[in-house]
Amino acid sequence: MKKIVYFLIFFVTLPVFAADKLHVSAMNSFSSIEPSQSFQVMLIEDGVLNDVYMIKGDVLNCTLQKTTDPTRAKRDAKIYLYVDSYTDKMGTHEFQDRLVAKYAQKILSVEEIKKTPPKTVVKKTVSTVGNFFMKGFSYAVSFVDGVKENKEDNRMKSGVKQVYDDSFLSLVKYGHEVEIQEGDEFYLVIKKLKSKD
(Lines give C-alpha, C1' and ligand atoms only; values in the text may rest on other atoms or scores of the structure.)
Protein backbone atom coordinates (compact mmCIF):
# COMPACT_ATOMS: atom_id res chain seq x y z
CA MET A 1 0.00 0.00 0.00
CA LYS A 2 2.87 2.38 0.85
CA LYS A 3 4.41 1.76 -2.57
CA ILE A 4 1.19 2.79 -4.26
CA VAL A 5 0.96 5.97 -2.19
CA TYR A 6 4.61 6.85 -2.93
CA PHE A 7 4.07 6.17 -6.62
CA LEU A 8 1.01 8.42 -6.69
CA ILE A 9 2.85 11.22 -4.86
CA PHE A 10 5.79 10.89 -7.27
CA PHE A 11 3.45 10.91 -10.26
CA VAL A 12 1.53 13.97 -9.04
CA THR A 13 4.70 15.95 -8.26
CA LEU A 14 6.26 15.39 -11.69
CA PRO A 15 6.68 18.65 -13.60
CA VAL A 16 3.78 19.35 -15.89
CA PHE A 17 4.59 20.60 -19.36
CA ALA A 18 1.31 22.32 -20.07
CA ALA A 19 0.70 24.34 -23.19
CA ASP A 20 -0.28 27.99 -23.23
CA LYS A 21 -3.11 28.82 -25.61
CA LEU A 22 -3.24 32.35 -26.98
CA HIS A 23 -6.01 33.86 -29.10
CA VAL A 24 -4.27 35.93 -31.77
CA SER A 25 -4.76 37.84 -35.00
CA ALA A 26 -2.36 37.67 -37.98
CA MET A 27 -0.41 40.85 -38.71
CA ASN A 28 0.72 39.55 -42.11
CA SER A 29 -0.26 36.75 -44.48
CA PHE A 30 1.14 33.22 -44.16
CA SER A 31 0.74 30.10 -46.30
CA SER A 32 1.70 26.49 -45.63
CA ILE A 33 2.46 26.11 -49.36
CA GLU A 34 5.17 28.80 -49.51
CA PRO A 35 5.77 29.75 -45.87
CA SER A 36 7.69 32.90 -45.04
CA GLN A 37 10.51 32.66 -42.49
CA SER A 38 9.00 35.24 -40.11
CA PHE A 39 5.46 35.82 -38.91
CA GLN A 40 3.91 38.27 -36.46
CA VAL A 41 0.67 37.96 -34.53
CA MET A 42 -1.13 40.27 -32.14
CA LEU A 43 -2.97 39.11 -29.04
CA ILE A 44 -6.70 39.76 -29.13
CA GLU A 45 -7.23 38.47 -25.57
CA ASP A 46 -5.07 38.73 -22.47
CA GLY A 47 -3.06 35.60 -21.74
CA VAL A 48 -0.02 34.06 -20.06
CA LEU A 49 2.99 32.81 -21.99
CA ASN A 50 5.91 31.17 -20.22
CA ASP A 51 4.89 32.83 -16.91
CA VAL A 52 4.75 36.26 -18.61
CA TYR A 53 1.38 38.00 -18.39
CA MET A 54 0.54 39.45 -21.78
CA ILE A 55 -2.23 41.89 -22.62
CA LYS A 56 -4.38 42.46 -25.66
CA GLY A 57 -2.36 44.29 -28.32
CA ASP A 58 1.03 42.72 -27.49
CA VAL A 59 2.81 41.31 -30.55
CA LEU A 60 4.53 37.92 -30.79
CA ASN A 61 7.50 37.72 -33.17
CA CYS A 62 7.80 34.22 -34.63
CA THR A 63 10.07 32.36 -37.03
CA LEU A 64 9.21 29.23 -38.98
CA GLN A 65 10.15 25.86 -37.50
CA LYS A 66 8.39 23.59 -40.01
CA THR A 67 5.20 22.86 -41.90
CA THR A 68 3.63 19.51 -42.73
CA ASP A 69 1.59 18.61 -45.81
CA PRO A 70 -2.11 17.77 -45.70
CA THR A 71 -2.81 14.04 -45.41
CA ARG A 72 -5.73 11.71 -45.98
CA ALA A 73 -8.59 11.51 -43.49
CA LYS A 74 -9.14 15.25 -44.09
CA ARG A 75 -6.14 16.22 -41.95
CA ASP A 76 -5.06 19.74 -42.81
CA ALA A 77 -1.49 20.98 -43.12
CA LYS A 78 0.20 21.93 -39.84
CA ILE A 79 2.32 24.97 -39.04
CA TYR A 80 4.93 25.08 -36.26
CA LEU A 81 6.64 28.34 -35.27
CA TYR A 82 9.36 29.36 -32.85
CA VAL A 83 8.18 32.20 -30.60
CA ASP A 84 11.33 34.28 -30.30
CA SER A 85 10.18 37.50 -28.63
CA TYR A 86 7.26 39.75 -27.87
CA THR A 87 6.75 43.48 -28.26
CA ASP A 88 4.73 45.60 -25.85
CA LYS A 89 4.65 49.28 -24.86
CA MET A 90 8.04 48.92 -23.18
CA GLY A 91 9.78 47.51 -26.28
CA THR A 92 10.84 44.08 -27.56
CA HIS A 93 11.71 41.30 -25.09
CA GLU A 94 13.25 37.91 -25.88
CA PHE A 95 12.10 34.74 -24.16
CA GLN A 96 14.64 32.85 -22.05
CA ASP A 97 13.26 29.46 -23.09
CA ARG A 98 12.80 27.96 -26.54
CA LEU A 99 9.07 28.11 -27.31
CA VAL A 100 7.30 26.31 -30.14
CA ALA A 101 3.81 27.29 -31.26
CA LYS A 102 1.37 25.18 -33.26
CA TYR A 103 -1.31 26.84 -35.38
CA ALA A 104 -4.88 25.91 -34.43
CA GLN A 105 -7.94 27.34 -36.11
CA LYS A 106 -9.91 26.71 -32.91
CA ILE A 107 -9.41 24.97 -29.60
CA LEU A 108 -11.76 23.25 -27.21
CA SER A 109 -12.60 25.90 -24.66
CA VAL A 110 -15.69 27.19 -22.92
CA GLU A 111 -15.82 30.12 -25.36
CA GLU A 112 -15.59 27.85 -28.43
CA ILE A 113 -18.25 25.53 -27.04
CA LYS A 114 -20.57 28.52 -26.57
CA LYS A 115 -19.96 29.53 -30.21
CA THR A 116 -20.94 26.06 -31.52
CA PRO A 117 -24.42 26.22 -33.03
CA PRO A 118 -26.94 24.10 -31.08
CA LYS A 119 -28.00 22.51 -34.40
CA THR A 120 -24.52 20.99 -34.84
CA VAL A 121 -24.56 19.52 -31.33
CA VAL A 122 -28.07 18.09 -31.81
CA LYS A 123 -27.09 16.56 -35.18
CA LYS A 124 -23.98 14.88 -33.77
CA THR A 125 -25.91 13.60 -30.74
CA VAL A 126 -28.78 12.22 -32.85
CA SER A 127 -26.29 10.64 -35.28
CA THR A 128 -24.41 8.95 -32.43
CA VAL A 129 -27.61 7.66 -30.84
CA GLY A 130 -28.80 6.56 -34.28
CA ASN A 131 -25.63 4.57 -34.90
CA PHE A 132 -25.97 2.94 -31.51
CA PHE A 133 -29.62 1.94 -31.73
CA MET A 134 -30.42 1.64 -35.43
CA LYS A 135 -27.85 1.16 -38.17
CA GLY A 136 -28.23 3.75 -40.93
CA PHE A 137 -30.26 6.18 -38.82
CA SER A 138 -27.42 8.71 -38.82
CA TYR A 139 -27.29 8.60 -42.64
CA ALA A 140 -30.98 9.48 -42.71
CA VAL A 141 -30.28 12.45 -40.44
CA SER A 142 -27.42 13.55 -42.72
CA PHE A 143 -29.62 13.19 -45.81
CA VAL A 144 -32.42 15.26 -44.30
CA ASP A 145 -29.91 17.90 -43.19
CA GLY A 146 -28.44 18.08 -46.72
CA VAL A 147 -31.89 18.36 -48.29
CA LYS A 148 -32.83 21.13 -45.88
CA GLU A 149 -29.66 23.19 -46.42
CA ASN A 150 -29.69 22.62 -50.22
CA LYS A 151 -26.08 23.80 -50.80
CA GLU A 152 -25.99 22.28 -54.32
CA ASP A 153 -29.23 23.98 -55.52
CA ASN A 154 -30.65 20.48 -55.93
CA ARG A 155 -32.23 18.95 -52.85
CA MET A 156 -31.57 15.31 -53.79
CA LYS A 157 -27.94 15.99 -54.75
CA SER A 158 -27.40 18.05 -51.58
CA GLY A 159 -28.79 15.22 -49.44
CA VAL A 160 -26.59 12.57 -51.06
CA LYS A 161 -23.49 14.81 -50.84
CA GLN A 162 -24.15 15.44 -47.12
CA VAL A 163 -24.44 11.69 -46.47
CA TYR A 164 -21.11 11.16 -48.26
CA ASP A 165 -19.41 14.01 -46.35
CA ASP A 166 -20.60 12.61 -42.99
CA SER A 167 -19.66 9.00 -43.82
CA PHE A 168 -16.35 7.20 -43.35
CA LEU A 169 -15.94 7.13 -47.17
CA SER A 170 -15.09 10.84 -47.20
CA LEU A 171 -11.98 10.12 -45.10
CA VAL A 172 -10.08 9.18 -48.27
CA LYS A 173 -9.96 12.90 -49.09
CA TYR A 174 -6.89 14.94 -48.27
CA GLY A 175 -7.03 17.90 -45.90
CA HIS A 176 -6.41 21.51 -46.90
CA GLU A 177 -3.37 23.74 -46.97
CA VAL A 178 -3.41 26.50 -44.35
CA GLU A 179 -3.85 29.99 -45.77
CA ILE A 180 -3.74 32.78 -43.18
CA GLN A 181 -4.67 36.29 -44.31
CA GLU A 182 -3.82 39.49 -42.46
CA GLY A 183 -6.44 40.02 -39.76
CA ASP A 184 -7.49 36.34 -39.50
CA GLU A 185 -8.11 35.14 -35.95
CA PHE A 186 -6.81 31.80 -34.68
CA TYR A 187 -4.98 30.22 -31.73
CA LEU A 188 -1.36 29.43 -31.02
CA VAL A 189 -0.78 26.44 -28.75
CA ILE A 190 2.66 27.09 -27.28
CA LYS A 191 4.98 24.69 -25.45
CA LYS A 192 8.44 25.07 -23.96
CA LEU A 193 11.09 22.95 -25.68
CA LYS A 194 14.23 23.54 -23.68
CA SER A 195 16.50 26.32 -22.52
CA LYS A 196 18.30 28.24 -25.26
CA ASP A 197 21.67 27.64 -23.53
Is the shortest distance from a Lys or Arg side-chain nitrogen in D84 or R98 to a carboxylate oxygen in the other one below 4.0 Å? yes
Between the side chains of D97 and K192, is the shortest nitrogen-to-carboxylate-oxygen separation below 4.0 Å, so that they form an ion pair? yes
Roughly how far apart are S25 OG and E45 CD, rounded to 0.5 Å? 11.5 Å
Consider only side-chain N and O atoms of T87 and T92, and report whether a donor and an acceptor are under 3.5 Å apart. yes
To the nearest 0.5 Å, what is the distance between CG (L60) and CZ (F39)? 10.5 Å
Decide side-chain contact (heavy atoms from CB on, under 4.5 Å) for V59 and M27; before the verdict, give the C-alpha distance in whole Å, the side-chain angles of both, and the deciding distance to 0.1 Å. CA-CA 9 Å; V59 174; M27 296 185 69; 3.6 Å; yes
Interatomic distance, OG@S29 vs CD@E182, rounded to 0.5 Å, equals 6.0 Å
Note: E177 and A77 closest approach over all heavy atoms is OE1-CB, 3.8 Å
Is the Lys NZ or Arg CZ of K66 less than 6.0 Å from the centre of Y80's six-membered ring, within 45° of the axis? yes
Excluding I44, membership of its hydrophobic cluster (Ile, Leu, Val, Met, Phe, Trp, Tyr; side-chain heavy atoms within less than 4.5 Å) reads none
Go through the steps for L193 and L99 under the test side-chain contact (heavy atoms from CB on, under 4.5 Å), then give the verdict. CA-CA 6 Å; L193 277 186; L99 304 173; over 6 Å; no
Hey, which of V178, I79, D184 is the one that makes side chain to side chain contact (heavy atoms under 4.5 Å, CB included) with F30? I79
Is V48 reachable from V189 through a run of I, L, V, M, F, W or Y residues, each pair having side-chain heavy atoms under 4.5 Å apart? no
Is there a path from L64 to F186 through hydrophobic residues (I, L, V, M, F, W, Y) whose side chains come within less than 4.5 Å of each other? yes
Please test Y86 against F95 for ring-ring contact (aromatic ring centres under 6.0 Å, His included), starting from the C-alpha separation and ending with a verdict. CA-CA 8 Å; Y86 70 97; F95 289 104; 5.3 Å; yes
Which value, rounded to the nearest 0.5 Å, describes the distance between E94 atom CD and S85 atom OG? 6.0 Å
Is it the case that the side chain of D88 and the backbone of M90 share a donor-acceptor pair, with hydrogens and angles ignored and the cut-off at 3.5 Å? yes
Shared hydrophobic cluster, I55 / L22 (ILVMFWY, side-chain heavy atoms < 4.5 Å): no
Verify side-chain contact (heavy atoms from CB on, under 4.5 Å) between I190 and V100, making sure each step is shown before the conclusion. CA-CA 6 Å; I190 305 171; V100 174; over 6 Å; no
Atom pair CG (L43) and CE (M54), whose distance is rounded to the nearest 0.5 Å: 5.5 Å
With heavy-atom distances below 4.5 Å as the criterion, would you say the side chains of H176 and P70 are in contact? no
In terms of ring plane angle, is the pair H23 and Y187 parallel, tilted or perpendicular, where the classes change at 30° and 60°? parallel
Rounded distance (nearest 0.5 Å) linking atom CG of D58 with atom NE2 of H93: 8.0 Å
Show your reasoning for whether side-chain contact (heavy atoms from CB on, under 4.5 Å) applies to T67 and K78. CA-CA 5 Å; T67 61; K78 292 184 176 63; over 6 Å; no
